[in-house]
Structure formats: structure tokens, C-alpha cells
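I have placed the structure first, in the form of C-alpha cells, so that the comments after it can refer back to it.
Read the numbers this way: they start at 1 and go in the same order the structure lists the ligands and their atoms.
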Amino acid sequence: MRETLFVQRRAWLAGIIASVGLAGLVVTAQQAAPDPQTAVNTAFKQFQTLKEGKNADYIPALAKVDPNLFGIALVTVDGKVFTAGDIKTEVSIQSISKVFTMAQVIQEQGLESIEKRIGVDATGARFNSIIAIEGVRSVVGTGAPEMNALVNPGAISSTSMVTGATSDAVWNKIIGFHNDAAGRSLSVLQDVYKSESDTNQRNQAIGALMYAYGYIKTDWHQAVDLYTRQCSIGVNARDLGMMAATLAAGGKNPVTGKQVMDAAKVPGVLAVMATAGLYDDSGKWLYHTGLPAKSGVGGGIIAVSPGKFGIAVIAPPLDDAGNSIKAQRAITAISNALGGNPLAPRR
Ligand code: GLU
């Protein structure tokens, strides 16, 4: 009897030792997660030679950008910068600017300003859809469309909401906000601005329609022009990584230390990015990464792991949805290697 008890105790003890050992192993595995530079280098090597997709060409200047351009920048919320590839060459920021102009309006006028005037829902339509503006109105004569500030109609409207007595005054605020998030003085790529201004008749139609329906309450020509200019701001991968990190760090640029927007307002910005950041593939992207993100047809993508890091990749060839192929693959690989998914259990 005694012996049986002894054997039972021994088995019980062995069980405890085994599970403690297992827990130890799990901890070791977690500690063995790669450091950011290794994760960045590995993804760079893995995707460098990928030759899929095609530069956007509906804005003629974008077709001329080097399709082999590939740069990665990850910036932690405590200001450490990890990079690979070309982080100096600038491309036009394009739709990624929509995030920062929306953020600026939210900062100035509150979270409800964007929600009330534009909305925060997915449109279920292309980024420059006119049907999305019409919504059910064209069928039943009334009814508000589903809209958000990351598709063109909402973005042109949010640009129109930035206050200022003159076009220059509004522009200085828009570029100033982008500068603060990037931590340096950015400028417009004039060839892209001209190319897009010459070919943006569809965006002009969207601006006119948004004015007709009361979303734009100021000069819509000015709103479309400033929107086109903000899309032509030149950024490199490091700039975009810094802008993403500013959102990851609760609105504070982690290198300059400047509080660009109130921390309490950042989650609203991230929510719209999570809903509509990657065009028609926003759901798919969120499913695989959990990261609020925004892509632009210039080939950049920014993604935000709140409280941890911001990451950006520039690689111009896009997939059918309009998102950079290499950028999606590299960000997914790096973030998942570093435990960046905010929807996953904390580790
Ligand atoms: N300036 C571009 C346009 O309005 C931005 C498109 C984008 O990057 O999604 O068409």
C-alpha cells in the first residue's frame, strides 16, 4: 500500500517536472523569436527576386518608376530603426496620404467630424467608385451611401475639411502634418503632381458630385487640387516607416518626440485603416496580419502594430486589387515573425 502510494507520488512529481519542463521550452521558443533586423533581412532576401505584378499606369508618371525598387523600414515605438534595401529613393505617397489628412481632421475637429460628414464604413466598391457615392440614392431617390475617408470620395472630402483662409494655408497644414509624422520636411514630386493633374478627370467628377451632395462645403476644385498634391508628396521607405511608427506610438513621433496627434484619437484612425486600408482586399489582409494598414498605388504600404512598431515597404508592382505584392508579403512575414498581430494573444 505504502509502496503504491510512493509510486503514485513519484508519477505525480514526474508529471509536474515534465510540464514545468514543457513550459520552459515554450518560454525558450518565445525568446528565440528573431530580432527585428534578422526578420527584416530575411524577408528582404526572400522576396527580393519576386517578379509579379505591375506598376500602376493610370497615372502616367507611376509607370516610369523603377519596378525593382524595394525598401523596408521597421521603426519601434521607442525609436529604433531597422531597414533593408533602398530606403532613400522617393515615390509618391498616393493613398497613404489619406490616412494622415483624415488624422489631421480628426485631431482638429474630433473623431465625430469624420464619422458624421463622411462615415467609417467599407463601401464594398472600388476606391474611386461613383456608384459608391450614389448608393441607393440613384435607385430610391434618397439614402446615405456607405463611405469612409480612405476611398477617393471620402478622401477628397476630408481634404476639403482641413480649415484655412487660402489654398496655401490649407496646404501648409496638410504638408505640415505629414512632415511631423515623418520627422522631416517632405516635398511634392512635381512630375507626379503634373501627370496626375492632367489625367484626374474622374477625381474631378467625384469632387463635383461630393459638393453637389453636400459632403464638400468649400471650393471642390481646390479640394481636388490639394488632394492631388497630397498624393504626390515624395516619401522613401524610412519616411513611411516613421509615419507608421507615429501611429503605433499613440500619435507621437518616436524619434523626434513630437506629439503629432492626441493618443486618444489614434484608435479611430487605425479602425478605418483596418476596415478599408487595402482596397478590396482589406478583409483578407486583416485575416492574415491583424494589422491596420494602408497601401498606395505608388507602391508603398504602411502597417501599424499598436504599442510595438510601424513598418513600411516600398515596391511598385501591384496586384489586381492595387496593393504592392512584395510589400504585402514582406510585412506579413516580418510582423508574424515578431508577434506583431494585435488580434493574437499577447506574447
Ligand atoms: N491619387 C490616386 C488617385 O486618386 C491615389 C490612388 C491610390 O493610391 O489608391 O487615383
Under 4.0 angstrom from ligand 1, any heavy atom of N128? no
Could you tell me if K308 and S335 have a donor-acceptor pair between their side chains, going purely by distance under 3.5 Å? no
Between ligand 1 and V297, is the shortest N or O to N or O distance under 3.5 Å? yes
Measure the distance from atom 4 (O) of ligand 1 to every protein heavy atom, then report the residue, atom name and distance (to 0.1 Å) of the closest one. Y227 OH, 2.7 Å
Among N128, T228, N152, D225, find the one that has a side-chain hydrogen bond (donor to acceptor under 3.5 Å, both in side chains) with N203. N152
Only heavy atoms of C231, strictly under 4.0 Å: list the atoms of ligand 1 that pass. 1 (N)
Does only the side chain of N203 get under 4.0 Å from ligand 1, or the backbone, or both, or neither? Count heavy atoms. side chain
Short side-chain donor-acceptor distance under 3.5 Å, W171 and S167: no
Is there a donor-acceptor pair under 3.5 Å between the side chain of Q222 and the backbone N or O of T166? no
Ionic contact status for K80 with D78, cut-off 4.0 Å: yes
I'd like to check which ligand 1 atoms, numbered from 1 as shown, lie under 4.0 Å from a non-hydrogen atom of N152. 3 (C), 4 (O), 10 (O)
Atom 5 (C) of ligand 1: the protein heavy-atom neighbour that sits closest, reported with distance to 0.1 Å: Q94 OE1, 3.2 Å
